[in-house]
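None of the values given here were measured: they were computed from a predicted structure. As the structure lists them, so they are numbered: ligands from 1, and atoms in each ligand from 1.
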Amino acid sequence: MKKDLLCLLDLETEDFESLFEKALTLKKRHKRGIFDKNLAGKTLGLIFDKKSTRTRVAFETAMMQLGGNSIYMSTQETQISRNEPAKDTARVLSRYIDCLSMRTFDHSLVQEFAAHSTIPVINALTDFYHPCQVLSDIMTVIEKKGGYKDRKIVWVGDGNNVAASWINAAAVLDLDLVVACPEKHAVSADIIEKASAFGGRRAQFTDDPVSAVKDADVVYTDVWASMGQEGTLEEKLADFDGFQVNAELLSKARDDVMVMHCLPAHRGEEIAEEILEARNAVIWDQADNKRHMDKAILEALIQETGN
Ligand code: CP
Ligand code: NVA
């Protein structure tokens, strides 16, 4: 039976653990120049309705290094932009390709594709969630902090799609996660409700970034206006007063605090330039891990589906 990856609540703890192990192994083998061609002859399709640098290139290079190939389609260049129904596109693409990675505004579009495809569908970011990002982020925490259990991870900033995926991961993996957002830009109640219904340790929520980062092992931030919301930034800026990840805020965290950002970053807004460039920011390694995690996801989903 085919499996999709639309939301981290779709995964069990064992699925997370197996993806971390696989991605870390693939990374080690890659560094030794060993490329397993486990997906030779397979094709990944990418349908992207939003811009991307990392996710697109990470998926495409991952597929290539696994011996497969990929086809990138901007939604605008497909018949979807001329209103061909998602269910028709999904059924036709299922005949041509072996896996579909999608970046859309509307999360329900990815769900609709998954419902009508016989191939695995991967959420490469929607307005609600960014699951592959957080999988590779936790992989980075494991690498740099020796594990994720009982490491205090603090989200500082907008209650967006990446924050939502962290909350989902916290629910499944029992993470020590604190989410600090301005009240007006908190994570939606619906997303929190879905994650907390799942059980596990519920993330803690606050609008006070200073108390949140106390004793933090990891401080994570992301843009204050996500793709599609750029026009709202000016009016939002004042709400984020005190939420910039800078030296002053980090002085309240542990001395060895690790700063993470999914990128792209807006220097001088959610993160100060000197912090982004500092030694204890692992942001570039974090970006690199997307490719290794994508390999693990592609292998797991395509091989399990067994088309
Ligand atoms: N972090 C991330 O998803 O980056 P892109 O938008 O460049 O893909
Ligand atoms: N929250 C950001 C993440 C980009 C990778 C956005 O959706 O634009």
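- Ion pairing between a basic and an acidic side chain is recognised when a charged N comes within 4.0 Å of a carboxylate O; Asp176 and Lys149 show no such pairing.
- A salt bridge between Glu299 and Lys22 is present, with a side-chain N of the basic residue lying under 4.0 Å from a carboxylate O of the acidic one.
- At a 4.0 Å cut-off, at least one heavy atom of Leu263 sits close enough to ligand 2 to count as contact.
- Checked by distance only, ligand 1 and Arg56 stay at 3.5 Å or farther apart across all their nitrogen or oxygen atoms.
- In this structure, Leu125 does not count as a contact residue of ligand 1, since none of its heavy atoms falls inside 4.0 Å of the ligand.
- Dense packing is recorded around CD of Glu17, with more than 12 heavy atoms of other residues, nucleotides or ligands lying under 6.0 Å away.
- In this structure, atom 3 (C) of ligand 2 lies nearest to the protein heavy atom Asp222 OD2, 3.5 Å.
- Considering backbone and side-chain atoms together, Arg103 places no N or O closer than 3.5 Å to any N or O of ligand 2.
- Hydrophobic clustering of Ile, Leu, Val, Met, Phe, Trp and Tyr side chains at less than 4.5 Å, counting indirect connections, keeps Val156 apart from Ile153.
- Side-chain rings of Tyr220 and His261 stay apart, their centers remaining 6.0 Å or farther from each other.
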> Can Glu143 and Lys27 be said to form a salt bridge (Lys or Arg N to Asp or Glu O under 4.0 Å), step by step?
Replying inline: CA-CA 11 Å; Glu143 269 187 322; Lys27 181 173 181 178; 2.9 Å; yes

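- Counting the atoms of ligand 1 from 1 in the order shown, those under 4.0 Å from a heavy atom of His130 are 2 (C), 3 (O).
- Between Arg56 and Glu60 there is a salt bridge, since a side-chain N of the basic residue sits under 4.0 Å from a carboxylate O of the acidic one.
- The protein heavy-atom contact nearest to atom 1 (N) of ligand 1 is Cys262 O, 2.8 Å.
- Using a non-hydrogen distance threshold of 4.0 Å, Lys50 does not register as a contact of ligand 1.
- Nearest-heavy-atom check against atom 6 (O) of ligand 1 across Arg103, Lys51, Arg54 picks out Arg103.
- Checked against a 3.5 angstrom limit, the closest N/O atoms of Val223 and ligand 2 fall outside it.
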